[in-house]
S.K.: 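Here it is, the structure, as structure tokens.
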Amino acid sequence: MQSLHIAWNDVKIRIADRSALIMLLLLPLVLTAILGTALKPIMSNEDSFADTTIGLYTADSDSLARIFEEDVLRKLDFIKIESTNKEENLGKMLKEGKIDVGLSIPTAWSENVKEGKLKEVRLFSNSDKELKAAVIESILTSFVSRVQSVSHTTNVVMADLSTSQAVAAGPGEVTELASTITVELTNQGNEVTPITDRTIGKETVSSMQYYAAAMAAMFLLYNITTGAKSFIKERDLETLARLKISPTSDWSIILGKFLGTLGFACIQFLIFIMGTSLFCKVHWGDNVGQLLAMGGAYAVAVSGLSMLLAGLIKEMRTADLISGIGIQILAFAGGSMLPLSQFPDFLKRLSDVVPNKWALTGFLEIMAGVNWGEILPAIIGLFLVGIAAMLIGTLRLRTR
């Protein structure tokens, strides 16, 4: 009860501090709205590749060109085709922005298909459409390779069959068998290879969702220095000394300070969730239990780290320095300022040891709709970090 009384007094003091409320409650909402909107292009690169318009010129009515157009290009949802009757028009259409990529299929494209050789197809593109051109080139290369493989395999099989005793009955049967083999190989080549789609979750996370999670992870970090400052301030004002004279034990005092930081962090998290949901229309996922568990574990982590910091430093100036610089470094390393996907490899490895990165990725996974098994390691890890930091901090504080 003594610990709860101390904790409640700490929470009331922080709620009464208007500057702290603006810093820890209002500012995160404002930054979420600004960053989520302004940095949307960084998080939405896939939107720029939603549609690709191909300018297609075929010199004649070659059967292979028709198959490539009808059975390959037109069956891809992201491709739109603009046909033209002159190859020269492709360059003009490209300059005018009417198409993204141009393809020119030569006369009698399939003329030497039996020899496994196809005439070269010309591809037109601009430097700002290199990615789209590379994808279309890959599709074309894949189709040509498949045609050449089928042709080569058919030739090899027919060469063996023509000398086999099994087909000695007559050339008519060989011809019929050749047709059957060719059709069968073609059908096999046209089959779509099954691919297992393994994504992080069921939903795609938007830029607004990312920065909501990022701001939650960053601003809850400030409870580390806020809790430590509270302890240092009361020690300087000798409030702690007066508490020690009372029947209150050291463990009760430290536990009360820990619970006070934990209580305010939980309140801050809940207000931020409600604020971003109402004003920024952020969808935090469909599983409220997962969200509360992750938020609670992260609150335990920052509260424990606040006790550890209070046990390691003695002066308020040091706490202010850590609050101004140290928290920003942690926030950057944890992905709150720049998306983790934009990090170089060495920074990605570095971010793995930062607890706020665990919280950020946990929030994002919850938004994406993962199951409990995906986020449970992060929840347990954050909880253990908080408890371990609190115990170490407690031992340091009791020796002073």
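In this chain, residues are counted from 1 in sequence order.
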S.K.: Check whether any side-chain heavy atom of Glu120 lies under 4.5 Å from a side-chain heavy atom of Pro106, and answer yes or no.
M.R.: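 In short, these two side chains do not touch, never coming nearer than 4.5 Å.
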S.K.: Closest heavy-atom contact between Met367 and Val282?
M.R.: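 Met367 and Val282 have their closest heavy atoms at CE-CG1, 4.2 Å.
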S.K.: Using side-chain heavy atoms (C-beta onward) and a distance below 4.5 Å, is Leu350 in contact with Leu347?
M.R.: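 Yes, side chains in contact.
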S.K.: Roughly how far apart are Thr84 OG1 and Lys92 NZ, rounded to 0.5 Å?
M.R.: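 Between atom OG1 of Thr84 and atom NZ of Lys92 there are 10.0 Å.
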S.K.: Would the number of heavy atoms belonging to other residues, nucleotides or ligands and lying under 6.0 Å from NZ of Lys80 be above 12?
M.R.: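 Open: at most 12 neighbouring heavy atoms sit under 6.0 Å from NZ of Lys80.
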S.K.: Over 60° means perpendicular and under 30° means parallel, so tell me whether Phe363 and Phe269 are parallel, tilted or perpendicular.
M.R.: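 Geometry flag for Phe269 against Phe363: parallel rings.
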S.K.: Grab the two heavy atoms, one from Thr32 and one from Phe272, that are nearest each other, plus how far apart they are.
M.R.: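 Scanning both residues, the minimum pair turns out to be OG1-CZ, 3.5 Å.
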S.K.: Nearest 0.5 angstrom please: Leu308 CG to Leu391 CG, how far?
M.R.: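 If I round to the nearest 0.5 Å, the distance is 10.5 Å.
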S.K.: With a 4.5 Å cut-off on side-chain heavy atoms, are Val121 and Trp109 touching?
M.R.: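 SC-SC contact between Trp109 and Val121 confirmed.
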S.K.: Grouping I, L, V, M, F, W and Y whenever their side-chain heavy atoms are under 4.5 Å apart, do Met93 and Leu56 come out in a common cluster?
M.R.: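 No, Met93 does not connect to Leu56 through the hydrophobic network.
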S.K.: Does the distance from a Lys or Arg side-chain N to an Asp or Glu carboxylate O, for Glu82 and Lys98, drop under 4.0 Å?
M.R.: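 So Glu82 does not pair with Lys98 through a salt bridge.
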S.K.: Might you point out which heavy atoms bring Cys280 and Met208 nearest each other, and give the distance in Å?
M.R.: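 Shortest heavy-atom separation between Cys280 and Met208 comes out as O-CG, 3.9 Å.
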S.K.: Closest heavy-atom contact between Met218 and Ile327?
M.R.: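 Answer, listing the atom of Met218 first, then Ile327: O-CG2, 4.4 Å.
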S.K.: Under 4.0 Å between a Lys/Arg side-chain N and an Asp/Glu carboxylate O for Glu88 and Lys86?
M.R.: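 Looking at Glu88 and Lys86, the cut-off is not met.
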S.K.: Restricting to non-hydrogen atoms, name the atom on Ser306 and the atom on Ala228 that form the minimum distance, rounded to 0.1 Å.
M.R.: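 So the minimum-distance heavy-atom pair works out to O-CB, 3.7 Å.
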S.K.: So, do Met307 and Ile254 sit near enough that their side-chain heavy atoms are less than 4.5 Å apart?
M.R.: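 SC-SC contact between Met307 and Ile254 confirmed.
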S.K.: Pairs in or reaching into residues 376-397: which pass ring pair (Phe, Tyr, Trp, His ring centres under 6.0 Å), with residues at least two apart or in two chains?
M.R.: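 Non-adjacent pairs meeting ring pair (Phe, Tyr, Trp, His ring centres under 6.0 Å): zero.
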S.K.: Provide the full list of ring pair (Phe, Tyr, Trp, His ring centres under 6.0 Å) pairs with a residue in residues 298-338, sequence neighbours left out, each pair given once.
M.R.: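 Those involving residues 298-338 are Phe332-Phe343.
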S.K.: What distance separates Phe258 CZ from Ile6 CD1, expressed to the nearest 0.5 Å?
M.R.: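 It comes to 14.0 Å.
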S.K.: Indicate, with yes or no, if Phe279 and Val30 share a hydrophobic cluster defined by side-chain heavy-atom contacts under 4.5 Å among Ile, Leu, Val, Met, Phe, Trp and Tyr.
M.R.: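 No.
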S.K.: Assess the residue pair Arg14 and Thr261 against the criterion (side chain to side chain donor-acceptor pair (under 3.5 Å)); give the C-alpha distance rounded to whole Å, side-chain angles, the decisive distance to 0.1 Å, and a yes or no.
M.R.: CA-CA 9 Å; Arg14 295 181 196 183; Thr261 303; 3.1 Å; yes
S.K.: Just so I know, are the side chains of Glu365 and Met294 near enough to count as touching, which here means a heavy-atom distance under 4.5 Å?
M.R.: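 Glu365 does not reach Met294 side chain to side chain.
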S.K.: So do the side chains of Leu270 and Leu292 get within less than 4.5 Å of each other, counting heavy atoms only?
M.R.: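 Sidechains of Leu292 and Leu270: in contact.
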S.K.: Run the numbers on Leu94 and Leu90 for side-chain contact (heavy atoms from CB on, under 4.5 Å), then give the verdict.
M.R.: CA-CA 6 Å; Leu94 206 59; Leu90 293 177; over 6 Å; no
S.K.: Using a 4.5 Å cut-off on heavy atoms from C-beta on, say whether the side chain of Leu364 contacts that of Tyr210.
M.R.: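 Side chain of Tyr210 against side chain of Leu364, heavy atoms only: contact under 4.5 Å found.
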S.K.: When you check the gap from the basic side-chain N to the acidic O, do Glu87 and Arg122 get nearer than 4.0 Å?
M.R.: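 So Glu87 pairs with Arg122 through a salt bridge.
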S.K.: Check this for me: does any side-chain nitrogen of one of Asp320 and Lys229 sit under 4.0 Å from a carboxylate oxygen of the other?
M.R.: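 So Asp320 pairs with Lys229 through a salt bridge.
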S.K.: Identify the heavy atoms of Asn287 and Ile366 that sit nearest to each other, and give their distance.
M.R.: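 Looks like O-CG2, 4.2 Å.
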S.K.: For Ser138, which residues count as a side-chain contact (heavy atoms from CB on, under 4.5 Å) partner, sequence neighbours excluded?
M.R.: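 Checked Ser138 against side-chain contact (heavy atoms from CB on, under 4.5 Å); zero matches.
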S.K.: Between atom OG of Ser83 and atom CD of Glu69, what is the distance when rounded to the nearest 0.5 Å?
M.R.: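 So the OG of Ser83 and the CD of Glu69 are separated by 5.0 Å.
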S.K.: Can you check whether Ile79 reaches Arg74 side chain to side chain, under 4.5 Å on heavy atoms?
M.R.: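 Result no, sub-4.5 Å side-chain heavy-atom pair not found.
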S.K.: Apply the test side chain to side chain donor-acceptor pair (under 3.5 Å) to residues Thr276 and Trp284: give CA-CA distance (whole Å), side-chain angles for both, the deciding distance (0.1 Å), then the verdict.
M.R.: CA-CA 9 Å; Thr276 51; Trp284 285 87; 2.9 Å; yes
S.K.: Before accepting this row, confirm whether a basic side-chain N of the pair Arg66/Glu70 lies closer than 4.0 Å to the acidic partner's carboxylate O.
M.R.: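 Glu70 and Arg66: not salt-bridged.
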S.K.: For the CG atom of Asp100 and the OG1 atom of Thr53, what is their distance to the nearest 0.5 Å?
M.R.: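 Rounded to the nearest 0.5 Å, the CG-OG1 separation comes out at 5.0 Å.
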